[in-house]
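Take a look at the structure set out below.
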Amino acid sequence: MDMWNISLLCVLVAVGYIDMCTMEIPDGTHIVIILLYMLHASRNHVMWIEDCIRMLGVFGMVVLLYVVTKYTFGRECIGGGDLKLISVMSLYLTIHKLSVVLCVGSLMAMGMMLVYRKERIAFGPFLAIGFFMEYYGVFAMMTAIL
């Protein structure tokens with residue numbers, strides 16, 4: 001694991017911890033994740049315009065999801081920090097892989113809500129766990145074994 005991946009891991013651990021303690025994800029953490037991506041992309045001479053367009057598209061989709069769920073259930077079901085975190089994660093992952101992250105994170109969060117009988121729970125830590133499981137190929141290894 002190189003320094004770039006360790007930095008990303010540290011930021012996402014901090015995101016999870018802050019979200020668990022405060023139920024908020026600071027905007028500065030999203031900016032750091034974007035800057036890490038830009039440094040990594042420029043260092044590896046990657047064309048990153050497609051990733052930025054994907055991030056904006058994902059942001060639009062999750063804002064639409066936010067509006068629909070708020071209208072349907074009459075309350076906020078996902079926080080603004082989580083929406084931005086999902087969006088910046090799309091810089092690193094394809095839409096397909098991001099959907100796996102969302103499914104895994106949602107299942108883990110729902111499990112914790114059931115176990116601890118909570119009505120509200122921080123979603124950032126579960127997104128971070130799902131991100132690293134997908135980013136480092138845990139699911140690909142599992143499907144290869146099965």
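Here the closest non-hydrogen pair linking Val11 and Thr29 is CG1-O, 4.1 Å. Contact record, Pro125 with Met20: CG-CG, 3.4 Å, taken as the closest heavy-atom pair.
Atom CG in Leu91 sits 9.5 Å away from atom CE in Met38 (nearest 0.5 Å). Between the CZ atom of Phe131 and the OG atom of Ser90 there is a distance of 10.0 Å, given to the nearest 0.5 Å. In this structure, CE in Met3 is found 8.5 Å from SG in Cys10, a value given to the nearest 0.5 Å. For the atom pair CG of Leu83 and CG of Leu64, the computed distance is 11.0 Å after rounding to the nearest 0.5 Å. To the nearest 0.5 angstrom, Phe126 atom CZ is 11.0 Å from Met110 atom CE. Here the straight-line distance linking atom CG of Leu36 with atom CH2 of Trp4 works out to 7.5 Å at 0.5 Å rounding.
Cluster annotation: Leu107 is not connected to Leu85 through the hydrophobic network of ILVMFWY side chains, with a link wherever side-chain heavy atoms come within less than 4.5 Å. In the hydrophobic clustering of ILVMFWY residues, with side-chain heavy atoms under 4.5 Å counting as a link, Leu56 and Ile33 come out apart. Under the 4.5 Å side-chain heavy-atom criterion for grouping Ile, Leu, Val, Met, Phe, Trp and Tyr, Tyr17 is not connected to Ile6 through any hydrophobic cluster. Ile121 and Leu127 fall within a single hydrophobic cluster, where Ile, Leu, Val, Met, Phe, Trp and Tyr are joined by side-chain heavy atoms under 4.5 Å apart, directly or via other members. Hydrophobic clustering of Ile, Leu, Val, Met, Phe, Trp and Tyr side chains at less than 4.5 Å, counting indirect connections, unites Leu12 with Val138.
By the neighbour-count criterion of 12 heavy atoms within 6.0 Å, atom CZ of Phe59 is sparsely surrounded, having that number or fewer from other residues, nucleotides or ligands. Atom NZ of Lys84 has more than 12 heavy atoms from other residues, nucleotides or ligands within 6.0 Å. Around CD of Glu24, the count of heavy atoms belonging to other residues, nucleotides or ligands within 6.0 Å does not exceed 12.
Using a 4.5 Å cut-off on side-chain heavy atoms (C-beta onward), Leu9 and Asn5 make no contact. In this structure, the side chains of Ile129 and Met108 come closer than 4.5 Å at one or more pairs of heavy atoms. In this structure, Asp82 and Asp19 have side chains that are in contact, with non-hydrogen atoms separated by less than 4.5 Å. The shortest distance between side-chain heavy atoms of Ile86 and Ile78 falls below 4.5 Å. Proximity of Ile95 to Met61: side-chain heavy atoms (C-beta onward) are separated by under 4.5 Å at one or more points. Side-chain contact between Tyr135 and Met89 is absent, with no heavy-atom pair separated by less than 4.5 Å. Between Arg120 and Met113 there is no side-chain heavy-atom pair separated by less than 4.5 Å. Side-chain contact between Leu8 and Tyr92: present, with at least one pair of heavy atoms (C-beta onward) separated by less than 4.5 Å.
Formation of a donor-acceptor pair under 3.5 Å by the Arg54 side chain with backbone atoms of Leu93 is found in this model. Between the side chain of His30 and the main chain of Val88, no donor-acceptor pair closer than 3.5 Å is present. Using a distance-only test at 3.5 Å, with no hydrogens or angles considered, no donor-acceptor pair links the side chain of Ser106 to the main chain of Cys103.
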Please step through side-chain contact (heavy atoms from CB on, under 4.5 Å) for the pair Ile18 and Ile25, ending with a clear verdict. CA-CA 7 Å; Ile18 292 168; Ile25 300 174; over 6 Å; no
